[in-house]
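Here is the naming used below: chain letters follow the sequence lines, and residue numbers restart at 1 for every chain.
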2 protein chains.
Amino acid sequence: MRLSPQYIPRDLDSWSIGGQPVVGIEDVARRAGVSPSTVSRALRGRSGVSDRTRQRITELAAELDYSISRSASGLATGRTWCIGVVVPFIWRWFFGQIIGGAEQVLRAAGYDLMLYTAGDEESRERFFRELPVRGRVDAVLVLSMDLTEQEADRLRGLDLPLGLVGHEAEGFSSVHIDDRQGTRLAVQHLINLGHRDIAMIQGLEPKPLGAIAPVIRRDAFLQTLRDNDVEPRPEWLVPGEFSISGGERAMDRLLAGAHQPTAVFAYADELAMGALRSLRRHGRSVPEHMSIVGFDDHEMSEYVDLTTVAQPVRAQGATAAQLLIDQLDAKSRKTTVVPVPIDLVVRGSTAPPRRSAER
Amino acid sequence: MRLSPQYIPRDLDSWSIGGQPVVGIEDVARRAGVSPSTVSRALRGRSGVSDRTRQRITELAAELDYSISRSASGLATGRTWCIGVVVPFIWRWFFGQIIGGAEQVLRAAGYDLMLYTAGDEESRERFFRELPVRGRVDAVLVLSMDLTEQEADRLRGLDLPLGLVGHEAEGFSSVHIDDRQGTRLAVQHLINLGHRDIAMIQGLEPKPLGAIAPVIRRDAFLQTLRDNDVEPRPEWLVPGEFSISGGERAMDRLLAGAHQPTAVFAYADELAMGALRSLRRHGRSVPEHMSIVGFDDHEMSEYVDLTTVAQPVRAQGATAAQLLIDQLDAKSRKTTVVPVPIDLVVRGSTAPPRRSAER
DNA sequence: ATGAAAGCGCTAACAT
DNA sequence: ATGTTAGCGCTTTCAT
């Protein structure tokens with residue numbers, strides 16, 4: 001028999017960490033003069049409880065400040081009401097937005113959000129090896145992680161509903177833009193302006209490559225150039241670590257080269273902003289000396305007057321979360337794929353080259 | 001007796017959501033020829049298991065892809081190895097950084113992170129009413145929420161270690177800057193440049209006010225003006241919703257007034273950036289027509305050449321997380337307060353007013 | 001060093 | 001409509 005709260009001696013200096021809830025379902029039941037099952041039924045909105053009883057129990061629970069033990073409930077039902085959300089970084093605008101969109105939808109559906117970041121090689125490898133989500137969540141939502149097939153497989157092994165933003169994968173409900181088309185939009189825009197010497201600041205490519213955004217955009221970049229009879233220069237493909245300063249370093253490198261491009265396509269707006277910073281530091285003006293196109297339409301992009309490929313961000317997080325919830329509700333293995341529209345937003349960072357490039 | 005995995009019929013169309021793990025501790029025990037207790041001891045690093053046995057069990061567990069059920073373990077021990085992290089928004093740079101800092105430390109200590117956002121009035125009220133963290137987490141970390149006394153009290157009622165970034169509160173281990181000093185630094189800088197007509201774009205102030213950042217900075221702003229014999233104008237205190245466009249609207253409002261300030265102190269860099277955007281749209285140049293000072297030293301602030309009060313952000317999240325972990329380890333109720341240094345970074349957005357203000 | 005047994009708090013199938 | 005009972009999977013005394 002459990003003691004009632006006032007008889008539990010509290011150590012004033014130390015926590016009873018690991019202790020059980022002070023008031024349990026049995027306490028509520030006893031006070032209400034019913035059995036624990038009735039309390040459970042009443043509180044979970046199950047049928048088979050008279051309105052009067054339910055009412056009384058609800059009030060009593062509130063009065064005693066009772067809340068169910070998630071561990072016990074989870075153990076008994078197998079449901080955790082938690083969704084694992086995996087992102088590479090959380091401190092980038094793009095991911096903050098996308099998590100925010102997902103969070104809102106999950107919360108509204110009664111789920112809590114367990115956040116996992118797996119950005120660098122090490123934490124990523126560790127996440128997929130240990131799968132800390134195991135036994136903790138009812139479903140997993142992967143946000144713009146550019147999963148390798150191997151990683152996707154580990155997740156499939158969880159036998160849980162899976163969601164993905166950024167590309168498609170067998171067994172995942174997903175939401176994604178057409179990266180190829182987005183890239184074409186950007187690069188063709190530069191070519192139409194008269195540029196032929198075009199560089200790209202790339203996104204990071206995970207080890208075992210798949211048909212994922214950084215690869216697709218790079219390929220589409222090269223393909224678009226070739227489609228326009230422009231032979232790409234390998235040294236004009238520079239890798240950019242996903243941050244403003246990463247973009248800055250990438251542009252520094254381009255500017256240090258013997259030949260310089262007249263335009264640059266950046267994998268993401270934050271990289272483009274870094275590029276702008278580098279250009280300014282080097283005294284090159286945009287778009288006079290160099291045109292820049294980004295990707296995402298970051299909230300600062302309008303301010304810095306950056307031409308970019310716009311995609312909805314929050315909405316993608318929200319939609320992906322919703323797909324997952326739908327699957328959970330329907331207990332269905334059937335996945336859904338939602339395509340997302342994109343849009344070239346032309347601003348002041350792109351213009352025709354000063355004179356046509358000599359080669 | 002549980003069936004072994006291969007005998008569990010899998011429905012190919014629907015999830016067995018709510019099912020229990022496919023391989024449990026008992027399976028491992030049976031295969032290892034020991035009892036569940038020994039497996040438990042072996043896997044949790046408890047003493048009383050021979051090295052050979054422990055070794056064998058560890059390998060077997062890996063082979064069977066066994067992972068403990070967190071619900072069951074949590075129920076038995078009362079420990080969830082989860083920390084609840086509460087932030088107002090996650091899509092703002094500042095919060096992304098601070099969560100990132102906390103996440104890294106928590107993860108390293110073996111904790112998972114449960115993310116709760118409570119930005120707008122409604123979700124905030126709901127969070128503190130329902131306290132969804134109850135029974136889910138071992139501790140709660142509140143990041144820059146500017147808690148009211150009432151809210152802090154709800155949290156204290158959880159009887160769990162509590163952490164706080166941004167201000168101090170009884171019962172919380174905290175990490176915070178000196179907002180008063182930061183504000184003085186910024187405003188005095190403007191005054192020293194010769195400004196006397198200074199406006200402030202404020203932060204949001206929660207309903208039942210406490211000694212929290214938005215209030216402290218506003219008061220310090222007014223006090224600094226008065227200390228310099230400048231009488232503040234009420235209409236030059238404009239509220240800013242915490243976003244770039246919030247800052248933009250605030251500046252729009254200032255520019256629409258009959259009298260206009262020669263300098264503006266913004267509660268945060270993102271508000272300042274919005275102000276810059278508004279100024280540019282109105283054809284006013286910075287710092288010629290108007291000086292701007294922000295707060296935080298956002299990663300874009302250098303690029304937009306914004307004078308600002310710099311504070312470490314990631315580090316504050318990390319430190320707060322560490323304080324919490326220390327408390328958890330020591331099972332101690334003793335809280336710690338860590339002051340954080342700040343620094344005025346003077347850039348190009350501030351200069352003397354064009355001519356001294358006439359009054 | 002290891003095993004047996006008794007829970008942890010809640011839920012659900014089966015009574016009544 | 002409500003109560004009884006038997007677990008959920010793990011941990012932890014207490015034996016041995």
* Asked: Does the side chain of B:Ser37 get closer than 4.0 angstrom to OP1 or OP2 of C:dG3 through an N or O atom?
  -> no
* Which comes earlier along DNA chain C counting from the 5' end, the contact point of B:Thr38 or that of A:Ser67, where each point is its nearest nucleotide? -> B:Thr38
* Report yes or no: is there a donor-acceptor pair, N or O only, under 3.5 Å between the side chain of B:Thr77 and the base of D:dT12? => no
* Asked: Salt bridge between B:Glu151 and B:Arg124, side-chain N to carboxylate O under 4.0 Å?
  -> yes
* Asked: Touch check for A:Thr53, heavy atoms < 4.0 angstrom, all strands: base, sugar-phosphate only, or nothing?
  -> sugar-phosphate
* Asked: How many Å lie between CD1 on A:Ile25 and P on D:dC8, as a whole number?
  -> 19 Å
* Donor-acceptor contact present, side-chain B:Asp138 to main-chain B:Trp81, <3.5 Å -> yes
* To do: Report yes if a side-chain nitrogen or oxygen of B:Ser35 is closer than 4.0 Å to either non-bridging phosphate oxygen (OP1 or OP2) of C:dG3; otherwise report no.
  => yes
* Given C:dC10, C:dG3, D:dT11, which nucleotide is nearest the side-chain atoms of B:Ala76? -> D:dT11
* Would you indicate what B:Gly33 reaches in the nucleic acid, counting non-hydrogen atoms under 4.0 angstrom: base, sugar-phosphate, or nothing? => sugar-phosphate
* Between B:Arg333 and B:Asp159, is there a salt bridge with N-O shorter than 4.0 Å? -> yes
* Between C:dA12, C:dC10, D:dG9, which nucleotide gets closest to the side-chain atoms of A:Ala72? -> C:dC10
* Asked: Closer than 4.0 Å, any side-chain N/O of A:Ser50 to the OP1 or OP2 of D:dT2?
  -> yes
* Asked: Counting just side-chain N and O atoms, does B:Ser71 come under 4.0 Å of either OP1 or OP2 of D:dC10?
  -> no
* Asked: Do B:Arg134 side-chain atoms and A:Ser67 backbone N/O form a donor-acceptor pair below 3.5 Å?
  -> no
* Can you tell me if the side-chain N/O atoms of B:Ser40 get under 4.0 Å from OP1 or OP2 in D:dT11? -> yes
* Do other residues, nucleotides or ligands put more than 12 heavy atoms under 6.0 Å from A:Asp329 CG? -> yes
* **D:dT11 phosphate, OP1 or OP2, under 4.0 Å from B:Arg44 side-chain N/O** => yes
* Asked: Given that B:Arg41 and B:Tyr66 both sit by DNA chain D, which one's nearest nucleotide is further toward the 5' end?
  -> B:Tyr66
* Could you give the CH2-to-P distance, from A:Trp81 to C:dC10, as a whole number of Å? -> 18 Å
* Between C:dG3, D:dG3, D:dT11, which nucleotide has the shortest distance from any of its atoms to the side chain of A:Val34? -> D:dG3
* **Atom pair distance, as rounded to whole Å: CG in A:Leu64 and C1' in C:dG9** => 16 Å
* Whole angstrom is fine here: how far is it from CZ in B:Arg46 over to P in C:dT2? => 17 Å
* What nucleotide among C:dT2, C:dT11, C:dC10 has an atom nearest to a side-chain atom of A:Ser69? -> C:dC10
